[in-house]
Amino acid sequence: MISQRPVFVTEPHLPPLQEFIPYLEKIWASKRLTNGGPFHEQLENELAAYLGVRHLSLFANGTLALVTALQALRIGGEVITTPYTFAATAHSLLWNNIKPVFVDIDPDTCNLDPERIEEAITPATTAILPVHCYGLPCDVDRIQQIADVYGLKVIYDAAHAFGVKKDGASILNHGDLAVLSFHATKVLNTFEGGAIVCPDAKIKQRIDYLKNFGFANEVTVVAPGINGKMNEVCAAMGLLQLKHIDRALEIRTAIHRRYQEAFKDIPTLRMQQVPANLEWNHAYCPLFVHPDHPVGRDELYALLKSHQIHARRYFYPLVSSFPMYRGLASAAAEHLPNAHALAERVICLPIYPTLQTEDQERLIGIILQTAR
Ligand SMILES: *Cc1c(COP(=O)(O)O)cnc(C)c1O
């Protein structure tokens, strides 16, 4: 067999290196490396304007942003969340001594099923931590209604939802706070990075204290804060990425459309429906392999791998199956049938701006052969 170049589920988006050099020269000249330097401030402003949000506080990564968002609102006790996500969502609760309560997902959206939230609420419940999975929005109106009735806070893990708009408005403005990730694998990367989207300047101020050890000024420490600050090199990368993001999103859309076209007539291969009022970021390209498909999901995964195509099973295994969560009553498989079914079916296909059309055609061909 001819050796093929390997294709991964994603590849970090890197603007031309020569465009980055002038930023580095400025950092070298100013010797401002971190602690809220000029690029940090500029990126907070430019991101807020680009995303259509009021305030935003940058972080060294999305996980520290999640941990800090929970601290900022003094969340404790129990928090309702989804098992169908990346480890960091639930881990941020354990890092705050909060008990995660897993609720099943809606099989069409892969997001927390709002109809299952109320039955999970107890006197210890303080908040809901949903995820806009794959960048597709949760039922934000229904979740807010429930939160209002029961007096709960809502923090969205919006790590996948950079730039997503519903009816022309940013999805990031929903909830009390929303958390972004700018990890290398995400739609917009700053090498590593993250942010908390805040509705007002007061909560942003508190978050800014918390990400800097709790320092309110030189001599006053108001909380046992953490070091969550984004440095100037990462902030500069974010500014450069913003110049290229619209083009990157366009290419993602085109790649997704080619997959959709290729698999549309195969009933055992399902892709997600994207509502017409949604500006999605095509952060991921999940394909759901029905049990009636002639080749099983894991067989398909292995087949692609044998052709040097490294698809990923996001999210398998479920977070609720990890050793630190599986003892929880809410982690029992019978409470989470939809999450388990999807975790057994999903395979995320490569999608990133530099994916070559010939590589995409090759992998589409391999998948189509399994449908016979
Ligand atoms: C990537 C991711 C995070 C964590 O972000 P980091 O920046 O890698 O710390 C959190 N939640 C979800 C759903 C993610 O995909």
Side-chain angles (χ1 to χ4, degrees), residues 8-13 43 47 56-71 79-96 98 100 102-103 105 109-112 127-138 154-164 171-172 174-175 177-197 207 211 226-231 233-235 237-238 241 252 272 280-286 312-320 322 325 339 342-343 346 348 351-352:
F8 296 94
V9 70
T10 190
E11 199 177 272
H13 187 237
L43 183 59
L47 271 176
L56 169 154
S57 179
L58 291 171
F59 275 78
N61 60 61
T63 304
L64 283 167
L66 275 172
V67 168
T68 305
L70 292 158
Q71 294 252 330
V79 169
I80 288 168
T81 192
T82 168
Y84 194 83
T85 182
F86 181 61
T89 313
H91 284 1
S92 72
L93 297 172
L94 289 199
W95 275 81
N96 280 298
I98 295 165
F102 295 109
V103 161
I105 57 173
T109 64
C110 300
N111 289 325
L112 213 49
I128 309 171
L129 178 61
V131 178
H132 298 303
C133 191
Y134 306 131
L136 292 165
C138 294
V154 182
I155 298 174
Y156 281 102
D157 180 339
H160 301 172
F162 183 90
V164 175
I171 198 71
L172 303 170
H174 290 276
L177 297 171
V179 173
L180 287 163
S181 166
F182 308 131
H183 182 257
T185 57
K186 302 299 207 271
V187 166
L188 183 133
N189 85 76
T190 59
F191 302 113
E192 291 251 20
I196 303 180
V197 174
I207 287 167
K211 77 175 179 193
I226 196 146
N227 180 359
K229 303 184 302 294
M230 177 182 280
N231 69 57
V233 177
C234 292
M237 182 67 162
Q241 294 281 16
R252 282 179 177 274
Q272 273 173 316
W280 186 27
N281 59 7
H282 303 90
Y284 296 86
C285 187
R312 293 293 294 273
R313 290 164 290 189
Y314 298 139
F315 289 98
Y316 167 86
L318 295 176
V319 171
S320 49
F322 294 178
Y325 301 108
L342 292 189
V346 71
C348 282
I351 187 164
Y352 49 88

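Read the numbers this way: they start at 1 and go in the same order the structure lists the ligands and their atoms.
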- Query: For ligand 1, which atoms sit closer than 4.0 Å to a heavy atom of Thr85?
  - Reply: 13 (C)

- Task: For the pair Phe315 and Tyr134, name the ring-plane relationship: parallel under 30°, tilted 30 to 60°, perpendicular over 60°.
- Result: parallel

- Item | Distance from atom 11 (N) of ligand 1 to nearest protein heavy atom, with residue and atom | Asp157 OD2, 2.7 Å

- Message: Is it the case that the side chain of Arg312 and the backbone of Val9 share a donor-acceptor pair, with hydrogens and angles ignored and the cut-off at 3.5 Å?
- Response: no

- Item | Which atom of Pro130 lies closest to which atom of Val154, heavy atoms considered | CD-CG1, 4.1 Å

- If you have a sec, work out which protein heavy atom is nearest atom 4 (C) of ligand 1 and how many Å separate them, to one decimal? Thr63 OG1, 3.6 Å

- Item | Interfacing atoms of ligand 1 (cut-off 4.0 Å, heavy-atom, Gly62) | 5 (O), 6 (P), 7 (O), 9 (O)

- Message: Under the criterion ring-ring contact (aromatic ring centres under 6.0 Å, His included), I'd like the reasoning laid out for Phe86 against His91: C-alpha separation, chi angles, the key distance, then a yes or no.
- Response: CA-CA 9 Å; Phe86 181 61; His91 284 1; 8.1 Å; no

- Got the closest protein heavy atom to atom 1 (C) of ligand 1, with its distance? Lys186 NZ, 1.7 Å

- Message: To check your reading of the model: name the closest protein heavy atom to atom 15 (O) of ligand 1, its residue, and the distance in Å.
- Response: His160 NE2, 2.8 Å

- Query: Counting distance only, does the side-chain N/O of Trp95 pair as donor-acceptor with the main-chain N or O of Leu66 below 3.5 Å?
  - Reply: no

- Query: Hey, is Glu192 touching ligand 1 through its side chain, its backbone, both or neither, going by heavy atoms under 4.0 Å?
  - Reply: neither

- From the candidates Tyr84, Tyr284, Phe86, the one that places a heavy atom nearest atom 3 (C) of ligand 1: Phe86

- Message: Whether the side chain of Thr81 engages the backbone of Ala90 through a donor-acceptor N/O pair (distance < 3.5 Å, no angle test) should be reported.
- Response: no

- Query: Is Gly193 in contact with ligand 1, taking contact as a heavy-atom separation below 4.0 Å?
  - Reply: yes

- Distance from atom 5 (O) of ligand 1 to nearest protein heavy atom, with residue and atom: Ser181 OG, 3.2 Å

- Item | Check against ring-ring contact (aromatic ring centres under 6.0 Å, His included), His132 and Tyr156 | CA-CA 7 Å; His132 298 303; Tyr156 281 102; 4.5 Å; yes

